[in-house]
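I have placed the structure first, in the form of structure tokens, so that the comments after it can refer back to it.
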Amino acid sequence: MEDFDVVVLGAGAAGMMCAIEAGKRGRRVLVVDHAKAPGEKIRISGGGRCNFTNVNTAPANFLSANPKFCVSALRRYRPSDFIALVQRYGIAFHEKTLGQLFCDGSARQVIEMLLTEMDQAGVTLRLETQVKGVARDGEGWRVSFSNGPVACRSVVVATGGKSIPKMGATGLGYEIAQQFGLNIVETRPALVPLTFEVKTLERLAPLSGVALDAVVSSGKTRFAEAMLFTHRGLSGPAILQISSYWREGGEISVNMAPGVDVFQALRTARTATPKRALSTVLGEILPKRLAQLIAEDAGAYGNMADCSDVLLRGVAATVNAWTFKPVGSEGYRTAEVTLGGVDTDGLDSRTLEAKAVPGLYFIGEVVDVTGWLGGYNFQWAWASGWCAGQAV
Ligand code: FDA
């Protein structure tokens with residue numbers, strides 16, 4: 001039987017980082033993936049430019065049943081560490097917004113960089129290989145693959161979450177966790193577009209494609225970013241962010257004109273330009289199609305002069321505090337990440353090793369640590385992979 005020190009299941013961001021670090025420490029490392037190519041999510045991330053980290057990364061940017069769990073790994077491997085690696089490879093990048101770093105060229109450069117690092121660290125990579133089972137074997141492990149079993153001292157589960165099954169996401173990591181007695185915090189799609197029921201969709205159909213800056217809130221959580229009307233409901237960064245906090249039956253509130261007191265603005269316009277239509281005045285605050293629809297919904301077909309305070313107040317409330325209940329989300333089909341996962345209670349926050357199962361590690365998205373949109377999820381993948389790589 002083939003023998004390695006470390007077997008890493010999953011050649012994604014976390015798995016490759018862990019393999020590099022373990023290899024650099026002289027460990028004999030095998031990385032296995034059932035996909036045809038490594039790092040497929042890196043390739044499609046950030047619209048093909050990979051938002052590989054966020055310079056403002058802090059524990060507050062992550063959701064987890066234990067918000068403190070991620071502190072140790074994020075401290076030990078920081079955005080500046082990954083930036084230094086990227087710079088060493090001469091990969092040009094830029095900050096797009098809010099601390100988000102993207103490649104100037106292509107996400108493939110990040111994959112190439114990781115593969116080169118793996119190669120230099122002597123890591124063996126096997127693709128298109130199915131995992132048949134993981135079992136204890138004395139002090140070590142026996143991992144069965146479609147092409148035979150492998151013995152090793154440490155198993156690292158880096159199989160990611162459930163999002164985008166079409167790209168190879170499976171529940172394998174959760175199954176292995178449960179097999180060895182670890183709990184799973186309920187999983188759900190996150191960073192995902194939200195959907196409306198049919199009636200609302202019909203009414204909002206003309207808005208498909210309209211984008212605007214908004215402040216979107218669910219309970220006490222709020223995000224000020226762009227929002228997009230789609231033919232299924234709402235998307236755009238602000239909506240993806242809030243989707244991680246929203247639960248079925250819950251309300252979402254949107255201020256579609258942040259910083260503008262729309263009631264006052266409309267009253268002023270009524271005095272200054274009484275002959276203009278409400279939709280025209282609103283069109284100076286909002287995208288025109290949206291302004292038109294809101295004016296129509298309010299039944300305001302005449303001039304500003306004909307608009308009562310009550311009507312203007314109603315319109316202003318729609319703009320400054322539009323409140324609605326999404327019917328659901330687009331689900332794992334389009335979700336960028338999976339909320340929940342392997343319960344951090346069972347893991348050592350410094351090494352990511354299962355406390356009760358020596359030699360078994362869980363890193364990356366499979367763990368119940370989920371970042372906001374904006375490079376945080378890759379930073380968690382790098383940091384947790386790096387930490388496990390020092391320990392295996
Ligand atoms: P990841 O999913 O990357 O890797 C898991 C690997 O395990 C895959 O290669 C998979 O094939 C393999 N695997 C799964 N099941 C297996 C099985 N049964 N047998 C063998 N192998 C198996 N984040 C961010 O910070 N910035 C960004 O720009 C983006 N953009 C983005 C866009 C889109 C469209 C998506 C879907 C996601 C993002 N993300 C992101 C999120 C980011 O991609 C994600 O959080 C990380 O890839 C997670 O890294 P992991 O290594 O944990 O899992």
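Just follow the structure's listing: the first ligand is 1, and inside any ligand the first atom is 1. Basis for what follows: all heavy atoms, side chains included, without hydrogens, waters or symmetry-related copies.
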For ligand 1, which atoms have a heavy atom of Asn377 less than 4.0 angstrom away? 23 (N), 25 (O), 45 (O)
Quick one: do Phe69 and Phe62 satisfy ring-ring contact (aromatic ring centres under 6.0 Å, His included)? Show the steps, please. CA-CA 10 Å; Phe69 181 81; Phe62 295 83; over 10 Å; no
Among all residues two or more places apart in sequence or in another chain, which pass the side chain to side chain contact (heavy atoms under 4.5 Å, CB included) test with Glu251? Thr323, Lys325
Identify, by atom number and element, the atoms of ligand 1 in contact range of Ala158, meaning under 4.0 Å from any of its heavy atoms. 5 (C), 6 (C), 7 (O)
Any nitrogen or oxygen of Gly374 lying under 3.5 Å from a nitrogen or oxygen in ligand 1? Just yes or no. no
Subset of ligand 1 atoms that lie under 4.0 Å from at least one heavy atom of Val337: 41 (C), 45 (O)
Between ligand 1 and Gly375, can you find any atom pair, the residue atom being a heavy atom, that is separated by under 4.0 Å? yes
Taking only non-hydrogen atoms of Ile164 and a 4.0 Å limit, the atoms of ligand 1 in range are 36 (C)
Would you mind running through ligand 1 and noting each atom that sits below 4.0 Å from a heavy atom of Tyr376? 25 (O)
Atoms in ligand 1 flagged as close to Ile44, the criterion being non-hydrogen separation under 4.0 Å: 34 (C)
Tell me whether the NZ or CZ atom of Arg136 lies within the 45° cone about the ring axis of Trp141 and under 6.0 Å from its centre. yes
Which of the atoms in ligand 1, numbered in the order shown and given with their element, are less than 4.0 Å from a heavy-atom of Asn51? 24 (C), 25 (O), 26 (N), 27 (C), 28 (O)
Which pair of non-hydrogen atoms, one from Ala269 and one from Met304, has the smallest distance, and what is that distance? CB-CE, 4.3 Å
Quick test: of every protein heavy atom, which one is nearest to atom 53 (O) of ligand 1, and how far off is it to 0.1 Å? Gly160 CA, 3.4 Å
Numbered in order shown, the ligand 1 atoms found under 4.0 Å of a heavy atom of Glu365 are 44 (C), 45 (O), 46 (C), 48 (C), 52 (O)
Cationic N near anionic O, under 4.0 Å, Glu202 to Lys199: no
Nearest non-hydrogen protein atom, atom 38 (C) of ligand 1: Glu336 OE1, 3.6 Å
Would a line drawn from the ring center of Phe52 to the ring center of Trp382 be shorter than 6.0 Å? no
Could you tell me if Arg313 sits above the aromatic ring of Phe263, with its cationic atom closer than 6.0 Å to the ring centre and no more than 45 degrees from the axis? yes
for atom 20 (C) of ligand 1, nearest protein heavy atom and its distance come out as His34 N, 3.2 Å
For atom 51 (O) of ligand 1, the closest protein heavy atom turns out to be Ala14 N, 2.9 Å
Would you say Gln379 has any N or O atom under 3.5 Å from an N or O of ligand 1, going by distance alone? no
So do Leu347 and Lys355 actually touch side chain to side chain, heavy atoms under 4.5 Å? no
May I ask whether Asp33 places a heavy atom under 4.0 Å from ligand 1? yes
Any N or O of Thr170 that comes nearer than 3.5 Å to an N or O of ligand 1? yes
Does the ring center of Phe93 lie less than 6.0 Å from the ring center of Phe102? no
Here's one to test your reading of the geometry: is the NZ or CZ of Lys162 within 45 degrees of the ring axis of Tyr174 and under 6.0 Å from its centre? yes
Would Ala13 count as being in polar contact with ligand 1, using the rule that some N or O on each side must be under 3.5 angstrom apart? yes
Ring centres under 6.0 Å, that's the criterion: do Phe378 and Trp380 meet it? no
Nearest 0.5 angstrom please: Thr195 OG1 to His231 NE2, how far? 11.5 Å
Among all protein heavy atoms, pick out the one at the shortest distance from atom 25 (O) of ligand 1; state its residue, atom name and that distance to 0.1 Å. Phe378 N, 2.8 Å
CZ/Arg28: more than 12 non-hydrogen atoms of other groups inside 6.0 Å: yes
Quick one: nearest non-hydrogen protein atom to atom 4 (O) of ligand 1, plus distance? Gly12 CA, 3.3 Å
Closest protein heavy atom to atom 29 (C) of ligand 1, given as residue, atom name and distance to 0.1 Å: Ser45 CB, 3.6 Å
Could an N or O of ligand 1 be found under 3.5 Å from any N or O of Ile363, whether backbone or side chain? no
